[in-house]
2 protein chains.
Amino acid sequence: MSKKHSTSQDVAELAGVSQATVSRVFAGGAIVSEKKKKKILEAAEALGYQPNAHARSLITKRTRMIGVVMRNIRNPFYSAVLEIFHNRLSALGYHLIFINSTNEEIQEKEISQLLEYNVEGVIITDALLSSSAALKFKRSEIAVVLFNRYTEQAGSSSVFCDNYLATKQIAAYLVELGHKSFAFISGPSDTSTTLDRLKGFEEVLKERNIDEFMIESGNYTYESGFKSAQELMTKNKHIDCVFCGNDIIALGAMDAIRVIGLRIPEDVSVFGFDNIRMGAWPSYSLTTWEQPVEEMIDGTIEILLNEIKDNTAKPKTLMFKGHMVVRNSVKKK
Amino acid sequence: MSKKHSTSQDVAELAGVSQATVSRVFAGGAIVSEKKKKKILEAAEALGYQPNAHARSLITKRTRMIGVVMRNIRNPFYSAVLEIFHNRLSALGYHLIFINSTNEEIQEKEISQLLEYNVEGVIITDALLSSSAALKFKRSEIAVVLFNRYTEQAGSSSVFCDNYLATKQIAAYLVELGHKSFAFISGPSDTSTTLDRLKGFEEVLKERNIDEFMIESGNYTYESGFKSAQELMTKNKHIDCVFCGNDIIALGAMDAIRVIGLRIPEDVSVFGFDNIRMGAWPSYSLTTWEQPVEEMIDGTIEILLNEIKDNTAKPKTLMFKGHMVVRNSVKKK
DNA sequence: TAAATTTATGAATACGTATTCATATAATAT
DNA sequence: ATATTATATGAATACGTATTCATAAATTTA
């Protein structure tokens with residue numbers, strides 16, 4: 001029977017070499033004679049040796065760990081995001097510490113966890129970083145990128161879609177199709193995402209002199225979308241177009257509208273945001289705005305890796321445009 | 001400006017005590033005078049000190065890390081599972097290393113990652129462990145629990161639903177409602193889950209002398225369910241009942257069936273498995289079998305923690321029953 | 001008051017690795 | 001044949017913490 005964990009020392013003894021030589025084989029990049037190398041690998045195999053990443057990181061100062069802080073993993077948009085982040089980072093030799101945050105702002109406790117484990121970088125999706133939190137990461141020289149959010153303070157990098165521009169285009173499109181009475185079912189009313197989307201939309205409506213505009217805010221879930229739509233539509237029977245803060249809200253809204261007995265898009269048009277796969281399902285066929293997830297993720301990783309390599313790098317902001325995906329939830333002229 | 005990471009030594013110097021005393025404060029459970037404790041905490045605060053988890057784990061042999069290997073994170077069932085696992089384990093002071101496996105069997109590389117980081121335990125959802133892989137974990141005394149899968153070899157613990165019994169009840173229910181021509185849209189035909197569900201279903205049909213039974217296997221995704229249903233229904237116009245390997249398949253199947261122009265449940269009944277939230281959405285109102293996720297997760301964690309505490313613990317098997325959730329996708333008498 | 005115990009602390013060490021430094025051998029150039 | 005360089009290896013050390021051991025001070029007991 002072998003010990004719980006064999007160490008490089010154990011391997012060294014079995015192979016008849018020094019611990020240093022074993023380390024050289026596993027750390028790579030050093031010269032070891034073929035003969036000893038073979039012996040060492042055999043010994044390692046026999047003992048089931050695996051280098052200890054913690055001991056290694058103590059020396060190298062590299063943990064090869066990245067923290068992923070995510071809210072709302074139940075939202076298919078973020079499940080997909082997590083999957084893609086994992087696949088990309090894993091291929092690059094990084095490991096993911098997953099943290100499911102429940103708050104709009106990342107918490108002290110979560111930060112501590114990431115600092116203790118000395119992650120090299122942190123990706124924060126759909127949540128904010130207080131300036132004190134940002135400072136903590138900065139002080140520990142941990143790279144941080146916000147995904148799908150941005151901060152005014154410009155302290156940290158962020159990658160997101162230009163929500164303002166997108167919603168302006170969306171609103172213009174919907175107005176031109178002849179809709180008269182609008183509703184916006186949003187996420188939490190204190191998030192930048194929500195505010196930007198609202199701002200762009202509202203501006204266009206004003207420009208076009210449309211003042212029938214109801215707003216109902218909740219959170220980014222199906223249930224919230226369902227409930228909001230139910231309330232809106234029963235109280236305001238004339239609404240003919242509902243713009244939703246994201247796709248999952250839109251699906252909830254569509255179901256609520258149909259339950260009431262209204263048809264989509266004949267009676268009411270529904271527009272989403274994100275372009276999650278479910279929107280393409282024939283039961284919904286949701287017209288929406290696509291966020292170019294893959295490109296956004298690639299951009300996030302590029303910024304993150306760059307900041308890890310060079311901790312003097314200036315915070316970067318990467319803004320994507322996205323584009324409209326027309327299906328059948330919006331009434332055509 | 002402070003150094004990249006302050007150490008307990010830095011804190012000790014600033015507070016005018018020894019490193020050992022600092023460690024005693026942060027490790028807890030040791031006696032330190034209130035006066036020095038206060039000084040140390042102040043110094044730590046000033047320096048932004050965080051204990052280094054890697055150095056700590058080197059001494060204590062405890063990493064407080066748990067590996068979660070998951071396939072199919074895009075399946076809402078598993079998104080929910082991940083969220084719950086995270087919330088429970090996080091509350092217990094554990095951190096999650098997330099691994100998105102793409103294979104039916106957990107891979108060498110993934111095992112190495114977990115061994116290198118010295119995780120205390122591993123939860124494997126929806127994937128298998130070869131006996132050689134199981135051996136590796138055993139050798140390193142890493143606790144392993146399979147979630148929603150089991151192994152015949154009885155080498156490792158597992159938690160799952162009694163698929164055989166469940167599908168027997170499901171089949172009996174469907175037959176009694178008068179269905180005559182059945183189809184089973186399954187996941188990969190080489191997984192225990194699929195085989196058990198098929199076995200239970202098939203047995204009952206034989207008992208009741210029903211021989212109209214088509215089988216189409218794919219994988220556990222919406223797209224696969226859609227495609228399978230499309231093929232089945234266009235080729236076999238008489239099928240009046242489709243049992244699906246899981247809910248997400250069922251949703252795909254329902255959409256395909258409706259696209260063809262058939263009504264659910266009037267023309268075709270559809271039955272799912274898992275009881276994901278989406279099944280309750282009015283567009284689907286899927287009749288299904290509920291896996292008691294929360295209890296399964298609690299059971300998994302209990303077994304895991306117990307094996308972590310006592311590595312001589314015998315592998316345990318926890319089998320749940322689950323229950324039928326009747327909605328409107330199955331034709332009533 | 002002396003002896004015994006408790007409380008509080010620092011010095012020293014171990015955890016498992018990577019890496020520097022020193023050294024010895026082999027290969028090449030002069 | 002000698003000087004130089006390249007190759008190969010081990011000894012020693014550092015990373016940042018927890019913990020044992022020793023010891024001094026404070027407290028309790030006899």
Side-chain angles (χ1 to χ4, degrees), chain A residues 2-41 43-44 47-65 112 115-120 140-141, chain B residues 2-41 43-44 47-65 112 115-120 140-141:
Chain A
S2 50
K3 284 196 303 180
K4 180 159 178 173
H5 291 283
S6 331
T7 68
S8 53
Q9 185 59 48
D10 299 332
V11 175
E13 279 163 23
L14 185 59
V17 299
S18 71
Q19 179 271 329
T21 304
V22 175
S23 174
R24 277 189 265 260
V25 169
F26 282 90
I31 307 166
V32 177
S33 70
E34 279 307 316
K35 212 170 106 190
K36 298 213 169 179
K37 194 171 187 172
K38 192 171 162 243
K39 263 197 174 176
I40 288 170
L41 288 176
L47 294 173
Y49 169 72
Q50 285 286 142
N52 180 320
H54 305 286
R56 170 178 287 174
S57 80
L58 219 49
I59 297 284
T60 60
K61 308 276 188 190
R62 303 209 57 187
T63 59
R64 306 238 115 217
M65 289 170 64
S112 295
L115 292 181
E116 279 184 28
Y117 279 96
N118 239 302
V119 294
E120 296 185 25
S140 294
E141 289 181 16
Chain B
S2 50
K3 285 196 304 182
K4 179 158 178 173
H5 291 284
S6 334
T7 68
S8 54
Q9 186 60 47
D10 299 331
V11 175
E13 279 163 23
L14 184 59
V17 299
S18 71
Q19 178 272 328
T21 305
V22 175
S23 174
R24 276 188 265 259
V25 170
F26 282 89
I31 307 166
V32 178
S33 69
E34 279 306 317
K35 212 171 103 189
K36 298 214 168 176
K37 193 172 187 171
K38 193 171 160 244
K39 263 197 174 175
I40 288 170
L41 289 176
L47 293 172
Y49 169 72
Q50 286 286 143
N52 181 319
H54 304 287
R56 170 178 285 175
S57 81
L58 218 50
I59 297 283
T60 60
K61 309 278 188 188
R62 302 208 57 186
T63 59
R64 306 237 117 221
M65 288 170 65
S112 295
L115 292 181
E116 279 186 26
Y117 280 95
N118 238 303
V119 295
E120 295 184 26
S140 293
E141 290 181 16

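Just so it is clear, the structure is predicted and the values come from calculations on it, not from any experiment. Proteins come first, then strands; the chains are lettered A, B, ... in the order of their sequence lines, and each starts at number 1.
- The stretch residues 55-65 of chain B touches DNA chain D through B:Ala55, B:Arg56, B:Ile59, B:Thr60, each having a heavy atom within less than 4.0 Å of the strand.
- When the C1' atoms of four end pairs are superposed on the next four at each end of the helix from C:dT1-D:dA30 to C:dT30-D:dA1, using five pairs per end, the two resulting axes differ in direction by 30°, to 10°.
- Remark: C1' of C:dG16 and CG of B:Asn52 are 14 Å apart, rounded to the nearest angstrom.
- The side chain of B:Tyr117 places no N or O atom within less than 4.0 Å of a non-bridging phosphate oxygen (OP1 or OP2) of C:dG16.
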> Which letter, B, S or -, goes with each nucleotide of nucleotides 5-13 of chain C from 5' to 3', with contact meaning a protein heavy atom under 4.0 Å?
Replying inline: ---SBBB--
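- Side-chain contact between B:Leu58 and A:Asn52 is present, with heavy atoms from C-beta onward closer than 4.5 Å.
- Counting to the nearest Å, the P atom of C:dA18 and the CD1 atom of A:Ile40 are 12 Å from each other.
- Residue pairs meeting the side chain to side chain donor-acceptor pair (under 3.5 Å) criterion with at least one partner in residues 11-32 of chain B, sequence neighbours excluded, are B:Ser8-B:Gln19, B:Gln9-B:Glu13, B:Ser18-B:Thr21.
- Rounded to an integer number of Å, the gap from B:His54 NE2 to C:dA18 C1' is 16 Å.
- In this view, B:Gln50 satisfies the side chain to side chain donor-acceptor pair (under 3.5 Å) rule with no residue, not counting sequence neighbours.
- Distance, A:Asp10 CG to C:dC15 C1': 13 Å, rounded to whole Å.
- A heavy-atom distance below 4.5 Å is not found between the side chains of A:Val22 and A:Val25.
- Within the structure, every pair that satisfies the salt bridge (charged side-chain N to carboxylate O under 4.0 Å, His left out) test and touches residues 54-64 of chain B, not counting sequence neighbours, is listed here: B:Arg62-B:Glu120.
- Close to C:dA18, at under 4.0 Å from its OP1 or OP2, lies a side-chain N or O of A:Ser23.
- In this structure, A:Leu41 and A:Phe26 have side chains that are in contact, with non-hydrogen atoms separated by less than 4.5 Å.
- A side-chain N or O of B:Asn118 and one of A:His5 form a donor-acceptor pair less than 3.5 Å apart.
- The heavy-atom pair separating B:Thr7 from B:Tyr49 by the smallest distance is C-CE1, 3.4 Å.
- A donor-acceptor pair is defined here as one N or O able to donate and one able to accept, closer than 3.5 Å; such a pair exists between the side chain of B:His54 and the backbone of A:Tyr117.
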